[in-house]
2 protein chains.
Amino acid sequence: MVNPEVSSRINQDIAERKIIFILCSCTIEYRGRSRSNIGLGHRLIIIKQDTTVLVHSVTGFKPVNWMNTPTETVAEFGEELVLYSQRTKKPFEEMKVNVKDILDYRSYTSLRDDEKLDLTHTEKDLQEYLAKNPALVHPEFRLIGTEHQSPLGYFDLYGKIGEKYVVVELKVERAGLPAALQIKRYKEWLQGYIGEARGILIAPGITPNALALLKKDGIEYKKMNVEHLKIRHRKEKTLREWLQ
Amino acid sequence: MVNPEVSSRINQDIAERKIIFILCSCTIEYRGRSRSNIGLGHRLIIIKQDTTVLVHSVTGFKPVNWMNTPTETVAEFGEELVLYSQRTKKPFEEMKVNVKDILDYRSYTSLRDDEKLDLTHTEKDLQEYLAKNPALVHPEFRLIGTEHQSPLGYFDLYGKIGEKYVVVELKVERAGLPAALQIKRYKEWLQGYIGEARGILIAPGITPNALALLKKDGIEYKKMNVEHLKIRHRKEKTLREWLQ
DNA sequence: CATTAAATATCGTCC
DNA sequence: GGACGATGTTTAATG
């Protein structure tokens with residue numbers, strides 16, 4: 001059963017922008033970009049400082065339901081405790097959590113996390129690295145630009161080999177059909193726009209279907225793994241540059 | 001400071017597949033598909049029954065770091081408490097959480113959630129609905145099949161209007177350039193394969209660029225919003241069918 | 001503010 | 001188990 005004292009405390013805690021953890025059994029209804037229902041089960045509700053609401057089940061990476069910031073959440077205590085959340089900007093979304101039983105309720109005022117995640121070895125890092133080391137793309141590759149805009153999208157790398165223009169598409173994971181179709185489009189557009197052109201797909205791996213499509217269209221595939229490249233964490237890099 | 005008693009208890013709780021919540025300040029290192037570091041801040045660590053590990057900060061939808069199932073996590077208590085997680089299948093991934101201070105530690109044995117999320121008004125629902133109501137696509141549309149396979153991907157709906165073959169692409173959100181290029185490719189392939197063909201893009205909205213591209217290629221756009229369709233929750237539907 | 005594309009994407013489904 | 005595409009994707013960058 002839900003303790004009435006707890007339920008009255010929730011709205012206070014929400015108003016004070018406390019971070020709130022509620023371990024409970026509940027049912028959930030959602031309606032917005034799609035609709036969902038789920039029956040009774042044990043879940044952890046987290047209301048974060050930025051109004052994000054997460055409802056996590058006992059397994060899985062994704063919350064079973066959630067509301068993104070900015071959201072307004074209110075607790076109502078009638079027959080049972082109900083948490084009602086509504087998105088305060090478009091698109092309209094709402095979530096109702098019917099709480100049957102609270103196993104644990106906790107709220108905190110002064111939790112702080114001012115650190116930013118320093119993430120590297122992403123596609124952006126690979127792009128920057130190859131822009132600085134164009135010979136890794138091809139011994140004769142001369143860079144013209146990165147994120148070069150075309151009507152069909154952005155070329156990761158753009159340059160020349162001899163007299164031919166070259167578009168390069170990068171993937172840090174195994175390339176599939178979508179990546180192959182992307183570079184195919186780019187190369188076709190480039191050929192229509194500028195004459196003969198080359199396309200190079202760089203990835204640590206490729207699916208058979210994707211490779212077949214590249215072969216058919218004369219697009220080159222080059223195996224490269226971002227993991228092995230000497231990319232420093234940005235913070236280290238900043239620090240080193242600062243110290244010089 | 002970290003209580004040594006707590007740290008010795010963690011491995012026991014992990015071994016017993018308890019669900020574990022640790023509210024703490026910590027730093028985190030991750031290395032695997034990419035790499036990341038983050039400095040000291042307050043975070044909630046969740047170790048779920050399926051070995052999923054989530055580390056949530058005080059804001060945001062996404063965990064600041066995480067490990068997907070299947071993962072093996074061990075707690076080591078040296079100078080400080082360290083949680084080390086390693087993925088037990090490919091790709092290799094590892095995460096180290098250096099815990100400085102535990103604000104709350106909780107573990108539970110008997111939390112259960114056997115319910116499945118009943119999600120509707122997705123693209124799949126729209127596809128099924130239009131397969132049953134082909135006249136909504138076009139008054140004379142006759143369905144041949146759904147998820148019809150081509151070398152370039154799957155056609156959401158495939159059929160005929162008069163003597164012409166028709167490929168239909170569905171989006172439940174506003175269609176952009178990628179969606180327009182997708183239906184364009186499909187129509188082009190169909191024309192090369194079978195002769196004259198039509199393409200129809202169905203979506204609740206479309207970006208100007210995408211619409212321009214469709215016009216240029218003679219592809220039709222039909223505005224439709226899955227929200228307004230009479231799609232029942234699957235559970236209701238099953239129940240009704242069961243009762244008949 | 002809208003558009004665009006990456007993501008440690010995750011997740012389900014189909015082959 | 002691999003491949004493929006949707007996702008209530010979320011998030012960040014960019015014009």
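Being a predicted model, the structure only gives us computed values, none of them experimental.
In this structure, His121(B) places its NE2 atom 13 Å from P of dT7(D), rounding to the nearest Å. For the pair Lys89(B) NZ and dG2(D) C1', the computed distance is 11 Å after rounding to whole Å. Taking atom CG of Leu181(A) as the reference point, atom P of dG5(D) lies 8 Å away to the nearest angstrom. Rounding to whole angstrom units, CG of residue Leu177(A) and P of dG5(D) are separated by 6 Å.
Note on Pro208(A): only backbone sugar-phosphate atoms sit closer than 4.0 angstrom, heavy atoms only; bases stay farther off. Residue contacts shown for Pro178(B) are absent, as no nucleic acid heavy atom lies under 4.0 Å away. Nucleic acid contact for Lys90(B): none, since no nucleic acid atom lies under 4.0 Å from a heavy atom of the residue. Residue Arg174(B) is classed as a sugar-phosphate contact, given heavy-atom separations below 4.0 Å to backbone atoms only. Base contact: Met67(A) has a heavy atom under 4.0 Å from a base atom. Asn65(B) comes within 4.0 angstrom of a nucleotide base, judged by non-hydrogen atoms across all strands.
With a 6.0 Å radius and a threshold of 12 heavy atoms from other residues, nucleotides or ligands, Tyr165(B) has its OH atom at or below the threshold. In Glu72(A), the CD atom is not crowded: 12 or fewer heavy atoms of neighbouring residues, nucleotides or ligands sit closer than 6.0 Å. When the shell of 6.0 Å around OH of Tyr193(A) is examined, it contains 12 or fewer heavy atoms from other residues, nucleotides or ligands.
Taking Asp217(A) as the reference, Lys184(A) meet the salt bridge (Lys or Arg N to Asp or Glu O under 4.0 Å) condition, with sequence neighbours excluded. In terms of the ring pair (Phe, Tyr, Trp, His ring centres under 6.0 Å) criterion, Tyr30(B) has no residue partners (sequence neighbours excluded).
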Show me the protein contacts with nucleotides 9-12 of chain D, counting only N or O atoms at under 3.5 Å.
unit_1: dT9(D); atom_1: OP1; unit_2: Glu173(B); atom_2: OE2; d: 2.1
unit_1: dT9(D); atom_1: OP2; unit_2: Glu173(B); atom_2: OE2; d: 2.9
unit_1: dT10(D); atom_1: OP1; unit_2: Arg33(A); atom_2: NH2; d: 3.1
unit_1: dT10(D); atom_1: OP1; unit_2: Trp66(A); atom_2: NE1; d: 3.1
unit_1: dT10(D); atom_1: OP1; unit_2: Asn68(A); atom_2: ND2; d: 2.3
unit_1: dT10(D); atom_1: OP2; unit_2: Arg33(A); atom_2: NH1; d: 3.0
unit_1: dT11(D); atom_1: OP1; unit_2: Phe61(B); atom_2: N; d: 2.9
unit_1: dT11(D); atom_1: OP1; unit_2: Lys62(B); atom_2: N; d: 3.2

Report, one pair per line, the protein and nucleotides 13-15 of chain D atoms (nitrogen or oxygen only) whose separation is under 3.5 Å.
none

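For residues 51-70 of chain A, the set of pairs meeting the side-chain hydrogen bond (donor to acceptor under 3.5 Å, both in side chains) definition, not counting sequence neighbours, comprises Ser36(A)-Asn65(A), Asp50(A)-Thr52(A), Thr51(A)-Thr69(A), His56(A)-Lys48(B), Ser57(A)-Asp113(B).
When DNA chain C is scanned in the 5' to 3' direction for atoms under 4.0 Å from non-hydrogen atoms of chain A, the outermost contacting nucleotides are dT4(C) to dC11(C).
Mapped onto DNA chain D by nearest heavy atom, Glu123(B) and Gly176(A) fall at different nucleotides, with Gly176(A) at the one closer to the 5' end. For the pair Ile206(A) and Val64(A), both in contact range of DNA chain D, the more 5′-proximal nearest nucleotide belongs to Ile206(A).
Leu44(A) has its side chain out of reach of Ile22(A): every pair of non-hydrogen atoms, C-beta onward, lies at least 4.5 Å apart. No side-chain heavy atom of Leu190(B) sits under 4.5 Å from any side-chain heavy atom of Glu188(B).
If you take atom P in dC11(C) and the same atom in dT11(D), they sit 15 Å apart, rounded to whole Å.
One finds the OG1 atom of Thr122(B) at 8.5 Å from the CG atom of Leu126(B) (value rounded to the nearest 0.5 Å).
In this structure, Thr207(A) reaches the dC4(D) phosphate: one of its side-chain N or O atoms is under 4.0 Å from OP1 or OP2.
Note: Trp189(A) and Phe155(A) have perpendicular aromatic rings, judged against thresholds of 30 and 60 degrees for the angle between ring planes.
Across every non-hydrogen atom of Ile45(A) and Val53(A), the tightest pair is CG2-CG1, 4.2 Å.
Remark: Glu169(A) engages Lys171(A) in a salt bridge, criterion side-chain N to carboxylate O under 4.0 Å.
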